[in-house]
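Working notes for the structure below.
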Amino acid sequence: MPDIWWKADPQDLHRLVDRVSSVYVERSHLDRDENAIVIINKRQTVRVPAAMVAVMLLGPGTRVTHGAIRLLADSGTTVCWVGEQGVRMYAAGLGPSRGAGLLHRQAWLVTRPKERLAVARTMYAMRFPGEDVSGLTMQQLRGREGTRVRKIYRAHAARTGVTWKGRDYKPGDAFAAGDDLNRLLSAANAALYGICHAVIIGLGASPGLGFVHTGKATSFVLDIADLYKAEYTIPLAFDLAAQGLTEERDARLGLRDLIARHKLLGRIVTDVKSLLTPEGTDSEEHEANLLWDEHLGTVPGGTNYAAHADLSPHGMTDNHIAVIGPDLDETDPTP
């Protein structure tokens with residue numbers, strides 16, 4: 001039986017800058033014991049120092065206590081509810097103790113055409129190993145990408161003997177259009193988007209600030225996922241089609257196994273960080289409670305700058321509703 005959580009080597013615990021990239025939990029109960037998260041299942045009990053974890057991925061069959069979530073939030077650890085082995089992301093929660101350095105860096109890059117083009121070129125260079133793309137425009141890069149992808153499809157069709165008629169995809173309804181191979185590609189890509197989304201959220205970056213893609217709340221997710229399709233989802237879809245495995249679940253489970261076998265999660269973490277903070281670039285990751293000022297840059301937060309401010313015109317009156325249950329030890333007075 002394979003391990004149901006991602007174990008870090010002991011030496012990784014000493015690298016506080018990177019923390020442990022992720023801990024994946026499945027079919028287990030999570031609780032808190034002082035400053036550690038305790039993962040309990042029928043096979044083992046594992047203690048994880050909360051402050052050493054960047055992302056806690058909660059897979060199927062996971063139960064978690066309020067105390068555990070509070071500790072993870074206070075430690076600045078992102079919690080993501082995901083599918084098996086991180087495939088698909090359903091929800092995420094981020095505690096307040098997390099700096100916005102990576103997010104600020106991403107926003108700075110994406111709002112400056114020269115820097116944005118440089119990041120986009122780096123992404124394309126990762127897809128075209130050994131090729132010089134440093135002088136290409138976005139139009140030239142898109143054209144070269146289209147040619148490359150067509151060659152990859154043809155190569156896998158020849159390798160597997162599966163007929164390839166072209167990519168047929170209907171936005172908003174990925175599985176309604178196309179043949180079995182196209183549906184497998186859509187299912188595998190959707191699963192890949194999920195794990196990329198979880199990593200981006202976990203690192204504190206924005207899934208919506210893309211460099212190649214734009215206009216969607218998941219534009220950066222699409223950017224990052226495109227780095228791995230030629231290596232993972234495309235060959236997987238052709239292999240499954242050749243074996244007669246054409247269900248969405250086949251693609252999802254197949255990608256899940258590839259992710260675990262090749263440790264793709266850690267690779268995505270490294271790639272996202274290297275794209276946004278290349279070597280020699282500093283990115284503040286500490287928590288800073290500051291307020292923006294158009295003249296001073298920033299001023300300290302947590303300070304009352306207008307002791308007699310009237311908040312009632314802004315709706316800060318009786319619009320908050322709390323629903324609180326009885327104490328657990330209270331008994332019903334009625335017979």
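Each residue takes its place number in the sequence, starting with 1.
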For the student: nearest non-hydrogen atoms of Pro235 and His156, plus distance: CB-CE1, 3.4 Å
query: Can you tell me how far NZ of Lys263 sits from OG1 of Thr270, rounded to the nearest 0.5 angstrom?
result: 13.0 Å
- prompt: Do Leu71 and Asn35 have side-chain heavy atoms sitting under 4.5 Å apart?
  reply: yes
message: Between Val82 and Ile195, is there a side-chain heavy-atom distance shorter than 4.5 Å?
response: no
- request: Give the minimum heavy-atom separation between Leu276 and Leu109, together with the two atoms involved.
  value: O-CD1, 3.7 Å
field: salt_bridge(Glu145, Arg142) N-O dist < 4.0 Å
entry: no
message: Looking at Asn41, is its backbone amide N or carbonyl O close enough to the side chain of Thr45 to form a donor-acceptor pair, meaning the two atoms are under 3.5 Å apart?
response: no
- request: Begin with the C-alpha distance, continue with both residues' side-chain angles, and end with the deciding distance and a verdict on side-chain contact (heavy atoms from CB on, under 4.5 Å) for Arg127 and Leu227.
  value: CA-CA 6 Å; Arg127 306 186 209 178; Leu227 301 177; 4.2 Å; yes
message: Using every non-hydrogen atom in the two residues, find where Gln106 and Ser206 come nearest and quote the distance to one decimal.
response: OE1-N, 2.7 Å
message: Just so I know, are the side chains of Ile37 and Leu72 near enough to count as touching, which here means a heavy-atom distance under 4.5 Å?
response: yes
query: Once the angle between the rings of Phe128 and Tyr124 is folded into 0 to 90°, is it parallel (under 30°), tilted (30 to 60°) or perpendicular (over 60°)?
result: parallel
field: Close side-chain approach of Val25 to Leu30, heavy-atom, < 4.5 Å
entry: yes
query: Can you hop from Met56 to Trp81 via hydrophobic side chains spaced under 4.5 Å?
result: yes
task: Measure the CG-CG distance between Leu203 and Leu102 for me, rounded to the nearest 0.5 Å.
output: 6.5 Å
field: Sidechain N-carboxylate O distance under 4.0 Å for Arg183, Glu247
entry: no
- request: Just do the side-chain contact (heavy atoms from CB on, under 4.5 Å) check on Leu253 and Arg256 with the steps written out, would you?
  value: CA-CA 5 Å; Leu253 296 181; Arg256 178 203 65 181; 3.6 Å; yes
- prompt: When rounded to the nearest 0.5 angstrom, what is the spacing between CG in Leu240 and CG in Asp250?
  reply: 6.0 Å
message: In terms of relative ring orientation, are Tyr153 and Phe238 parallel, tilted or perpendicular, with 30° and 60° separating the classes?
response: tilted
Donor-acceptor under 3.5 Å (Thr218 side chain, Val221 main chain): no
message: Test of understanding: clusters of I, L, V, M, F, W, Y form through side-chain heavy atoms closer than 4.5 Å, transitively. Do Leu265 and Phe220 belong to the same one?
response: yes
message: Between Leu275 and Phe211, is there a side-chain heavy-atom distance shorter than 4.5 Å?
response: no
message: I need the minimum non-hydrogen distance between Gly166 and Asn182, along with the two atoms involved.
response: O-ND2, 3.2 Å
message: Closer than 3.5 angstrom, by distance alone: can the side chain of Arg116 be matched with the main-chain N or O of Gly210 as a donor-acceptor pair?
response: yes
field: Nearest atoms (heavy-atom pairs only) where Gly254 meets Leu236
entry: C-CD2, 3.8 Å
- prompt: Is there a path from Leu136 to Val149 through hydrophobic residues (I, L, V, M, F, W, Y) whose side chains come within less than 4.5 Å of each other?
  reply: no
statement: side-chain contact (heavy atoms from CB on, under 4.5 Å) with Val79: of Leu57, Ile201, Ile69, only one passes, and it is Ile69
Heavy-atom check, side chain of Leu264 versus side chain of Leu258, under 4.5 Å: no
- request: Could you give me the CA-CA distance, side-chain angles and deciding distance for Val48 and Val46, then say whether side-chain contact (heavy atoms from CB on, under 4.5 Å) is met?
  value: CA-CA 6 Å; Val48 180; Val46 181; 4.1 Å; yes
- request: Without swapping roles, check the side chain of Thr277 against the backbone of Ser274 for a donor-acceptor pair under 3.5 Å.
  value: no
message: Side chains of Thr233 and Tyr228, heavy atoms from C-beta outward: is any pair under 4.5 Å?
response: no
query: From Leu209 CG over to Leu103 CG, what is the distance, rounded to the nearest 0.5 angstrom?
result: 6.5 Å
- prompt: Applying the 4.5 Å side-chain criterion to the ILVMFWY set and letting contacts propagate, would Val212 and Met126 be lumped into a single cluster?
  reply: yes
- request: Inspect the surroundings of CZ in Arg159 and state if more than 12 heavy atoms from other residues, nucleotides or ligands are less than 6.0 Å away.
  value: yes
statement: Taken to the nearest 0.5 Å, the spacing of Met138 CE from Gln140 CD works out to 11.0 Å
- prompt: How about Arg112: does its CZ atom have over 12 heavy atoms from other parts shown lying under 6.0 Å from it?
  reply: yes
message: Looking at Arg267 and Glu231, is any side-chain nitrogen of the basic one under 4.0 Å from a carboxylate oxygen of the acidic one?
response: yes
query: Backbone N or O of Ile40 within a donor-acceptor pair of the Gln44 side chain at under 3.5 Å?
result: no
Shortest non-hydrogen separation from Leu192 to Ala225 and the atoms involved: CD2-O, 3.4 Å
Steps toward salt bridge (charged side-chain N to carboxylate O under 4.0 Å, His left out) verdict (Asp33, Arg47): CA-CA 8 Å; Asp33 184 8; Arg47 291 172 59 89; 2.6 Å; yes
- request: Report yes if some heavy atom in the side chain of Arg148 is under 4.5 Å from a heavy atom in the side chain of Lys151; otherwise report no.
  value: no
message: Let me confirm one number: the NE2-NZ distance from His29 to Lys42, rounded to the nearest 0.5 Å.
response: 14.5 Å
message: Same cluster or not: Ile152 versus Leu222, using hydrophobic residues (I, L, V, M, F, W, Y) connected whenever any side-chain heavy atoms lie under 4.5 Å apart?
response: no
